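Single-structure report; data block below.
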Amino acid sequence: MIEKLRDIFTVALIEAFGDELKDFSPLVVPATNPKFGDYQCNAALSLAKVLKKNPRAIAQTIVDTVKLNDSFEPLSIAGAGFVNITIKPEAIAKQIQSVHQDERVGVEKASVQQKIVVDFSSPNIAKEMHVGHLRSTIIGDSIARILEFRGHEVLRLNHVGDWGTQFGMLINYLRTEKPEVLTTANAVDIGDLVTLYKQAKAKFDRDAEFQEQARKEVVKLQNKDSESIKAWQLLCEQSRREFEIIYHLLNIKLTERGESFYNPFLPEIITILETENLLEKNQGANCVFLDGFVNKQGDPLPLIVQKTDGGYNYATTDLAAIRYRVNEDKTDKIIYVTDAGQANHFIQVFQVARKANLAPENVDLVHVSFGLVLGKDGTKIKTRSGETIRLKSLLDEAVNRTKQDLQNRIETEDRQETKEFINQVSQIVGLSAVKYADLSQNRTTDYRFSYEKMLDLKGNTAPYLLYAYVRVQGISRKGNIDLDNLSTEENIIFTDESELVLAKHILQLDYIIKELEKDLLPNRLCLYLFELSQKFNQFYDKCPILQAEEKVKISRLILADLTAKVMKLGLSLLGISVLERM
RNA sequence: GGGUGCGUAGCUCAGUUGGAUAGAGCAACUGCCUUCUAAGCAGUCGGCCACAGGUUCGAAUCCUGUCGCACCCGCCA
């Protein structure tokens with residue numbers, strides 16, 4: 001709808017003021033306030049200067065020139081020169097009917113379908129997943145789902161940290177402290193492995209000789225020493241199983257392609273940089289000097305692609321990954337979902353990738369960054385003893401708290417529910433709450449983790465949204481109505497303002513999803529769904545459904561059913577599933 | 001020291017290419033269950049959009065400076 005209006009207004013602007021406005025944005029946006037109508041055109045205001053005319057006069061000319069069909073109320077001019085656009089209720093009713101019969105509830109597929117890599121989650125082998133991985137995993141999954149729904153072919157890649165100095169470190173440490181881990185599967189559990197990792201890291205940081213041995217271990221690994229490779233594989237296997245538990249719990253699908261995958265391609269990256277005349281030796285390391293990055297003295301800063309000892313680092317791996325994804329995966333776009341702290345790194349890597357033509361101009365490189373997860377007090381989230389919180393225990397706690405709440409409610413309401421019901425509901429509500437709390441926040445800022453807030457039944461939370469869906473299902477149960485087989489003949493009748501408001505909101509979904517595809521901010525979808533729930537609850541409050549006379553009843557059932565469909569779809573794009581009862 | 005981001009109600013946060021009187025939720029208080037689950041709805045209270053300048057018909061939004069906070073800064077990822 002908004003695109004159509006933009007086209008119509010652009011045509012009108014050209015007709016009224018000439019061809020030079022061909023590329024001028026008609027500035028048609030959703031109305032800032034419902035009392036101004038559904039959309040508004042702000043073009044008159046910004047054209048005032050260019051055309052040296054009174055904005056209200058320009059607005060009048062626009063109104064006189066624009067050709068709208070009978071779906072719209074007559075245009076009105078308000079304030080300094082705003083043109084307000086209102087759709088007629090009959091037109092809304094018609095659209096609702098057509099959307100109701102559409103499997104995609106009115107959301108179009110992208111006109112150009114791309115191949116897109118979404119690189120997210122990316123935990124490290126031999127370490128447990130912690131809250132830091134939560135945002136990348138949840139946001140990345142949601143972005144992938146949104147793009148998939150728009151019809152793009154998405155390759156979800158898990159760029160796990162399965163290579164590098166830390167491996168040499170760990171293997172070297174295990175060789176003396178716990179050699180059986182290197183030869184036997186599951187010799188210790190993952191928690192102990194993490195402890196050993198920390199010990200190894202501590203030793204690495206204070207012991208120069210150990211550092212040296214660790215580096216040699218890396219070289220052995222790189223040279224495919226069979227014993228080293230075996231040990232490495234065992235460690236990876238064990239970690240992988242651990243990750244799978246989390247991914248299964250969160251219903252996340254990912255293709256693992258870790259750093260080690262790009263290992264064989266690292267030397268050719270150096271060669272390419274060399275032939276492109278980008279490579280420079282600096283203090284023994286191979287570097288590419290960057291535009292726009294300078295040190296204290298104002299000298300350009302290098303991106304190190306090959307260390308003095310001949311080893312490669314993550315910048316090199318990222319460059320090799322870009323090359324592979326462009327050449328082999330034939331991707332049109334690569335999206336990296338990582339914390340904001342890596343912003344600099346990606347700017348640098350992207351710059352080098354462009355310069356070396358590893359990524360041609362028509363391949364988009366996008367860093368989707370996000371802020372830190374903070375504790376309730378606003379500092380980095382930690383356990384009481386100062387350890388980072390394991391993701392598994394964090395999720396378990398959310399589910400347990402939900403279960404507690406649910407059991408209390410069942411008791412006070414004197415309901416009888418099975419154990420299976422209680423478990424299933426608390427699992428879905430608890431995990432959804434964690435996901436929703438994260439996604440409903442603008443990802444670019446830090447975010448405060450609070451069980452109380454995310455599990456609150458009121459406000460912009462998963463339980464509130466899920467409840468709106470449950471209410472619709474309740475109606476269908478109570479009235480013994482099959483929502484999938486509602487009459488398609490009946491008209492939509494607006495007897496109360498709340499029905500029209502709900503209907504208009506439902507029709508905004510298409511616009512929201514398209515915006516989402518551009519700005520990759522899932523919180524905008526959350527806000528939309530929250531508002532949908534509110535508008536539905538207002539409708540539910542004011543418009544009885546089952547007692548209404550037949551024609552009104554069907555009209556309201558369609559609105560309720562459509563609300564549920566939008567809710568289910570929207571939540572699924574956030575990686576959240578719905579419940580029939582709760 | 002340099003870079004990036006942030007600073008909006010008591011708290012947690014929205015604020016879409018600059019647009020009309022800056023919005024939610026929570027908390028607090030007041031109403032509404034013989035009616036589809038009240039896990040709801042209606043309402044009241046609450047703002048120097050960090051501060052100071054500038055650009056503009058119009059600034060929370062853009063520019064400059066100041067203060068505060070966070071993160072990053074050549075051989076970790």
Side-chain angles (χ1 to χ4, degrees), chain A residues 25 27 29-33 35-36 40 42 45-46 48-49 54-55 78-82 84 122 124 159 161 163-166 169 201 204 259 282-287 292-296 298 301-309 311-315 317-318 338-345 347 369 371-372 374 376 378 380 405-406 409 413 415 440-442 444-448 450 452-453 456-461 463-464 466-468 470-472 474-479 511-512 515 518-519 521 523-524 526-527 530-531 534 537-538 540-542 544-547 560 581-582:
Chain A
S25 164
L27 298 170
V29 293
T32 51
N33 187 316
K35 73 181 177 197
F36 300 135
Q40 59 186 58
N42 301 333
L45 296 130
S46 48
K49 187 147 207 189
N54 179 326
F82 300 96
N84 291 337
S122 311
N124 292 311
H159 193 77
W163 205 254
T165 357
Q166 83 272 17
M169 182 183 89
K201 171 84 170 121
F204 184 84
E259 293 170 351
N282 191 278
Q283 294 172 26
N286 273 321
C287 308
F293 290 87
V294 291
N295 65 9
K296 296 172 199 133
L301 278 178
L303 179 74
I304 293 177
V305 290
Q306 190 169 25
K307 298 185 281 188
T308 309
D309 64 6
Y312 306 99
N313 55 15
Y314 64 110
T317 309
D318 280 339
T338 79
D339 67 276
Q342 295 187 49
N344 255 336
H345 165 71
I347 292 171
S369 69
L372 302 170
L374 305 175
K376 268 173 77 178
K380 250 184 179 169
D405 270 8
L406 183 62
R409 179 165 303 107
E413 289 173 3
R415 284 160 56 185
S440 61
Q441 195 93 189
N442 184 316
T444 56
T445 52
D446 291 351
Y447 131 74
R448 286 191 193 209
S450 155
E452 288 81 6
K453 202 185 153 199
D456 200 329
L457 309 164
K458 302 173 296 247
N460 190 4
T461 64
Y464 179 85
L466 291 171
Y467 181 60
V470 162
R471 279 187 139 177
V472 178
I475 295 167
S476 101
R477 271 196 306 277
K478 181 92 176 194
Y511 173 71
I512 292 292
E515 289 290 297
K518 279 186 271 179
D519 60 28
L521 290 171
N523 66 301
R524 296 187 63 179
C526 294
L527 184 65
F530 174 54
E531 287 173 346
Q534 284 183 315
N537 280 329
Q538 287 156 7
Y540 182 89
D541 197 50
K542 297 189 81 176
I545 296 176
L546 298 175
Q547 295 95 318
R581 287 199 308 128
M582 63 191 275

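Atoms considered below: every heavy atom in the structure, side chains included; atoms not considered: hydrogens, waters and symmetry mates. Below, chains carry the letters A, B, ... as their sequence lines are ordered, and counting in each starts from 1. Nothing here was measured: the structure is a model prediction, and the numbers come from that model.
Counting distance only, with no hydrogens placed and no angle test, the side-chain atoms of A/Q40 and the base atoms of B/A20 include a donor-acceptor pair under 3.5 Å. Judged by distance alone, with hydrogens and angles left aside, A/K478 brings no side-chain donor or acceptor close enough to the base of B/U35 to form a pair under 3.5 Å. Judged by distance alone with a 3.5 Å cut-off, no donor-acceptor contact links the side chain of A/T445 to the base of B/C6.
Among residues two or more places apart in sequence or in another chain, the side-chain contact (heavy atoms from CB on, under 4.5 Å) test is passed with A/S450 by A/K376, A/E452, A/K453. For A/D405, there are no side-chain contact (heavy atoms from CB on, under 4.5 Å) partners two or more places apart in sequence or in a different chain. Looking at residues two or more places apart in sequence or on another chain, you find a side-chain contact (heavy atoms from CB on, under 4.5 Å) between A/Q547 and A/P544.
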Sort me out a list of protein N/O and nucleotides 22-30 of chain B N/O pairs below 3.5 Å, or just none if empty.
{"residue": "B/A27", "atom": "OP1", "partner": "A/K458", "partner atom": "NZ", "Å": "3.3"}

What nitrogen or oxygen pairs link the protein and nucleotides 56-60 of chain B at under 3.5 Å?
{"residue": "B/C57", "atom": "OP1", "partner": "A/K49", "partner atom": "NZ", "Å": "3.3"}
{"residue": "B/C57", "atom": "N4", "partner": "A/L45", "partner atom": "O", "Å": "3.2"}

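In this structure, A/N282 CG and A/L301 CG are separated by 10.0 Å, a value rounded to the nearest 0.5 Å. The structure places CG of A/L303 at 12.5 Å from CD1 of A/I347, a figure rounded to the nearest 0.5 Å. In this structure, the separation between CG on A/D318 and NE2 on A/H345 is 4.0 Å, given to the nearest 0.5 Å. Atom CG of A/N124 and atom NE2 of A/H159 lie 10.0 Å apart (nearest 0.5 Å).
Nearest nucleotide to the side chain of A/N344, out of B/G3, B/A39, B/A20: B/G3. With B/A70, B/A39, B/C75 as the choices, the nucleotide that has an atom nearest any side-chain atom of A/D446 turns out to be B/A70. Across B/A39, B/A20, B/C36, the shortest atom-to-atom separation from the side chain of A/Q547 is found for B/C36. For A/E515, the listed nucleotide lying nearest its side chain is B/U16; candidates were B/C75, B/U16, B/U17.
Using a 4.5 Å cut-off on side-chain heavy atoms (C-beta onward), A/T338 and A/S122 make no contact. Contact check for A/Y511 versus A/P30: side-chain heavy atoms found under the 4.5 Å cut-off.
Proximity of A/R524 to the phosphate of B/G15: no side-chain N or O atom is located under 4.0 Å from OP1 or OP2. For the OP1/OP2 pair of B/U12 and a distance below 4.0 Å, the side-chain nitrogens and oxygens of A/R448 include at least one atom meeting the criterion. Between A/Y447 and B/A14 there is no side-chain N or O to OP1 or OP2 distance below 4.0 Å. An OP1 or OP2 oxygen of B/A42 is reached within less than 4.0 angstrom by a side-chain nitrogen or oxygen of A/Q538. Taking only side-chain nitrogens and oxygens, A/N523 comes nearer than 4.0 Å to OP1 or OP2 of B/G15.
Counting all heavy atoms, side chain and backbone alike, A/L372 lies closest to A/D446 at N-OD1, 2.7 Å. Considering every non-hydrogen atom in both A/R415 and A/M582, the closest pair reads NH2-O, 3.2 Å.
The aromatic ring of A/F82 does not sit over the base of B/G19, since the test of centres under 5.5 Å and planes under 30° is not met.
Residues A/N442 and A/W163 both approach RNA chain B. Their nearest nucleotides, taken by heavy-atom distance, put A/N442 toward the 5′ side. Both A/R415 and A/A31 lie near RNA chain B, and the one whose nearest nucleotide falls closer to the 5' end is A/A31.
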Per-residue pairing states of RNA chain B in dot-bracket (Watson-Crick or G-U under 3.5 Å; . unpaired, | other strand) read (((((((..((((.....[...)))).(((((.......))))).....(((((..]....))))))))))))....

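A distance of about 15 Å separates the P atoms of B/G25 and B/C45, rounded to the whole Å.
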